[in-house]
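Model, not experiment: these values are computed from the prediction.
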Amino acid sequence: AQSVTQLGSHVSVSEGALVLLRCNYSSSVPPYLFWYVQYPNQGLQLLLKYTTGATLVKGINGFEAEFKKSETSFHLTKPSAHMSDAAEYFCAVPPGGGGNNLTFGKGTQLKLEL
Amino acid sequence: DAGVIQSPRHEVTEMGQEVTLRCKPISGHDYLFWYRQTMMRGLELLIYFNNNVPIDDSGMPEDRFSAKMPNASFSTLKIQPSEPRDSAVYFCASSPGSGNTIYFGEGSWLTVV
């Protein structure tokens with residue numbers, strides 16, 4: 001079954017600095033990969049989605065992610081962090097075998113420092 | 001457009017009581033999911049339905065948990081009897097199916113004391 005690993009449960013960056021949140025998938029190239037964001041006391045919101053073909057995916061709020069098959073990675077980046085980006089970020093992948101659900105990583109809490 | 005609607009948003013109940021969480025999926029979505037989120041275990045899939053039929057309930061923790069989807073616009077997750085370890089945020093989500101994109105509700109925050 002497919003799974004994702006998020007390296008770093010907590011990441012702290014200064015406002016204006018580069019944001020890099022890491023995600024690696026487990027095995028064969030998945031048809032889709034997702035990043036979701038969860039703001040405090042809210043549900044998960046789709047940030048961006050990879051589908052086969054385009055390796056650089058642009059999402060909402062200035063975030064983007066690059067699919068790298070050679071590294072089995074799908075890291076999330078943003079050139080300049082804003083205080084409003086403080087949230088928890090989840091990478092997700094279909095579990096494989098034709099299931100329509102998603103398997104989520106453990107999440108990475110992004111903290112912004114002044 | 002209305003998103004996934006969950007109720008109640010917050011519930012505090014005593015151990016042993018029955019808890020019923022409710023969900024209205026996005027209209028036209030064929031898939032409905034129930035997830036549970038805790039600090040210790042993260043986000044776990046409990047069960048999901050396709051066209052009102054349960055497809056995978058392997059994540060349901062034990063017999064105290066049950067879920068139903070009597071029609072395309074309504075689902076319930078019931079815990080009977082509730083225990084303190086059931087305290088968590090329960091998310092309902094729905095999906096049109098194609099492409100696996102899942103849309104989440106705001107969650108039901110359950111505290112069992």
Side-chain angles (χ1 to χ4, degrees), chain A residues 1-10 21 23 25 28-54 57-60 65 67 74 87-109, chain B residues 1-7 9-10 21 23-26 29-51 53-60 67 88-111:
Chain A
Q2 267 281 17
S3 64
V4 288
T5 301
Q6 293 184 240
L7 296 175
S9 59
H10 293 82
L21 304 182
C23 173
Y25 60 91
S28 57
V29 175
Y32 311 104
L33 280 162
F34 301 81
W35 276 100
Y36 281 81
V37 59
Q38 185 180 25
Y39 298 103
N41 302 319
Q42 294 187 24
L44 280 72
Q45 177 182 348
L46 180 66
L47 202 53
L48 52 81
K49 172 184 177 180
Y50 161 81
T51 56
T52 304
V57 183
K58 294 188 181 299
I60 61 172
F67 174 76
F74 189 56
E88 189 156 21
Y89 293 80
F90 294 89
C91 185
V93 67
N100 284 85
N101 56 313
L102 292 177
T103 298
F104 287 83
K106 294 290 187 185
T108 298
Q109 188 74 42
Chain B
D1 289 341
V4 176
I5 299 172
Q6 292 187 245
S7 65
R9 285 297 316 276
H10 299 273
L21 308 179
C23 176
K24 176 179 169 56
I26 295 172
H29 282 193
D30 293 333
Y31 290 82
L32 183 139
F33 307 84
W34 284 100
Y35 284 87
R36 178 172 67 176
Q37 185 178 38
T38 61
M39 290 289 291
M40 292 296 294
R41 302 169 74 100
L43 201 58
E44 305 172 276
L45 176 67
L46 300 178
I47 185 171
Y48 79 93
F49 296 83
N50 179 25
N51 292 324
V53 176
I55 301 301
D56 182 356
D57 66 354
S58 60
M60 295 286 265
V89 185
Y90 291 82
F91 287 104
C92 179
S94 69
S95 170
S98 175
N100 289 83
T101 303
I102 291 179
Y103 300 85
F104 283 78
E106 293 289 286
S108 291
W109 301 69
L110 175 65
T111 302

With a 4.5 angstrom heavy-atom cut-off, is it the side chain or the backbone of [X] that approaches chain A, or both, or neither?
X: B:L45; value: side chain
X: B:R41; value: backbone
X: B:Q6; value: neither

What is the ring orientation for B:F33 with B:Y31, classed by angle as parallel under 30°, tilted 30 to 60°, or perpendicular over 60°?
parallel

If one checks every heavy atom of A:L44 against chain B at 4.5 Å, the contacting part turns out to be both

Honestly, the part of A:Q38 sitting under 4.5 Å from a heavy atom of chain B is side chain

Interatomic distance, CG@A:L102 vs CZ@A:F90, rounded to 0.5 Å, equals 12.5 Å

Check: Do B:F104 and A:F104 have ring centres separated by under 6.0 Å?
Finding: yes

Checklist entry - Between B:Y35 and B:F91, is the gap from one ring center to the other below 6.0 Å? => result no

Of all heavy-atom pairs linking B:I26 and B:A2, the shortest is CG1-O, 3.9 Å

